[in-house]
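Chain identifiers are assigned alphabetically (A, B, ...) following the order of the sequence lines, protein sequences preceding nucleic acid strands; residue numbering begins at 1 within each chain.
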Protein chains: 2
Amino acid sequence: MISTKGRYGLRVMIDLARNDNGNFIPLKDIAERQEISKKYLEIIVKRMVEGKLIVGSSGKGGGYKLIRKPEEYTVGEILTLMEGTMSSVACLADNAYECPRKKKCETLPMWEEFDGIIHDYFYGRTLKSLL
Amino acid sequence: MISTKGRYGLRVMIDLARNDNGNFIPLKDIAERQEISKKYLEIIVKRMVEGKLIVGSSGKGGGYKLIRKPEEYTVGEILTLMEGTMSSVACLADNAYECPRKKKCETLPMWEEFDGIIHDYFYGRTLKSLL
DNA sequence: AAGTTTACCTATTATAACAGTAGGAAATAA
DNA sequence: TTATTTCCTACTGTTATAATAGGTAAACTT
């Protein structure tokens with residue numbers, strides 16, 4: 001299940017795209033429009049800055065801004081950054097321990113196929129498509 | 001992300017289908033074959049009995065047994081029973097609070113479409129297909 | 001009737017993630 | 001230098017996960 005990190009993160013990206021006028025957009029404005037606590041959003045955007053999805057600028061006239069054009073972000077990369085992994089099961093997560101039953105597991109092929117569907121869905125959809 | 005409840009539950013169902021000979025199958029045997037703690041599996045199968053996926057019988061010669069034929073179970077119903085919900089976001093879960101931003105939410109349509117894909121995938125697949 | 005096997009039932013626990021809140025320091029522009 | 005805004009560290013309450021522990025009840029066998 002997608003947590004608030006992923007959901008709010010996406011909404012911040014949409015908000016930044018929607019209200020882009022070339023200047024930095026203060027988090028206060030985003031928080032008000034999106035009706036999310038600014039304090040909590042700080043955690044969200046921090047990760048987005050670290051992940052190079054957006055850029056921040058301190059001080060007056062500061063705020064956040066997209067780095068690329070909306071059509072150059074996939075929803076998948078945004079969610080993956082925010083959620084850590086997009087795998088449906090722990091066995092297939094990025095940091096997965098090597099499961100000893102891997103070869104004889106009767107459910108693994110299904111999880112793999114399903115993860116492929118998830119991947120195709122979210123990586124085949126751009127931020128622009130959400131505007 | 002699918003938890004051990006869903007993953008182990010599915011494996012128990014497969015194990016019961018695979019080893020079905022008309023008799024009840026003791027949990028001890030399932031636990032050994034699946035390499036999962038019997039104690040933990042008790043929690044899993046309890047829920048499956050309550051959800052009418054399987055039936056249990058105490059005493060010598062007891063154990064668990066499928067109620068229907070493998071082709072009459074969908075993976076979706078098994079996972080939904082074990083996980084509680086198969087929604088990708090809290091806003092769409094069965095017990096969802098009524099989100100005040102529902103009408104203007106720009107991400108909701110995507111989550112709804114995605115949940116449809118999840119639903120189609122898992123409900124269009126039977127236990128038999130995993131054998 | 002006794003013993004064995006098996007499900008069934010009620011706790012308890014350790015760990016981690018989630019969803020925030022709080023308070024201040026540093027940077028930037030007017 | 002003052003206002004604004006990001007940036008940083010720490011803290012907290014709640015819930016879910018992934019179990020473990022110990023016992024009771026039922027059913028079959030001898």
Under 3.5 Å donor-acceptor, A:Tyr73 side chain and A:Ile67 backbone: yes

Covered region of DNA chain C, 5' end to 3' end, by chain B [heavy atoms, under 4.0 Å]: C:dT5 to C:dC9

Main-chain N/O of A:Lys5 paired with A:Ser3 side-chain donor or acceptor, under 3.5 Å: yes

Stepwise side-chain contact (heavy atoms from CB on, under 4.5 Å) test for B:Ile30 and B:Arg11: CA-CA 9 Å; B:Ile30 301 173; B:Arg11 281 166 59 190; over 6 Å; no

Under 3.5 Å: donor-acceptor pair, side chain of B:Ser87, backbone of B:Leu92: yes

Residue among B:Ile118, B:Thr80, B:Leu79 satisfying side-chain contact (heavy atoms from CB on, under 4.5 Å) with B:Tyr123: B:Thr80

A:Phe114 ring center within less than 6.0 Å of B:Tyr121 ring center: yes

With sequence neighbours excluded, residues passing salt bridge (charged side-chain N to carboxylate O under 4.0 Å, His left out) with B:Glu42: B:Lys39

So which protein N/O to nucleotides 14-18 of chain D N/O distances come out below 3.5 Å?
from, atom 1, to, atom 2, distance (Å)
D:dA18, OP2, B:Thr4, N, 3.0
D:dA18, OP2, B:Thr4, OG1, 2.8

All N/O pairs under 3.5 Å across the protein-nucleotides 4-8 of chain D interface:
from, atom 1, to, atom 2, distance (Å)
D:dT4, O2, A:Lys60, N, 3.3
D:dT5, O4', A:Gly59, O, 3.4
D:dT5, O2, A:Gly59, N, 3.2
D:dT6, OP1, A:Leu27, N, 2.6
D:dT6, O4', A:Ser58, OG, 3.4
D:dC7, OP2, A:Tyr64, OH, 2.8
D:dC7, N4, A:Glu42, OE1, 3.3
D:dC7, N4, A:Glu42, OE2, 3.2
D:dC8, N4, A:Glu42, OE1, 3.0

Non-neighbouring partners of B:Asp115 that pass side-chain hydrogen bond (donor to acceptor under 3.5 Å, both in side chains), sequence neighbours left out: B:Ser88

Exam field: side chain B:Lys65 to backbone B:Gly22, donor-acceptor pair closer than 3.5 Å: yes

With sequence neighbours excluded, residues passing side chain to side chain contact (heavy atoms under 4.5 Å, CB included) with A:Lys69: A:Glu71, A:Glu72

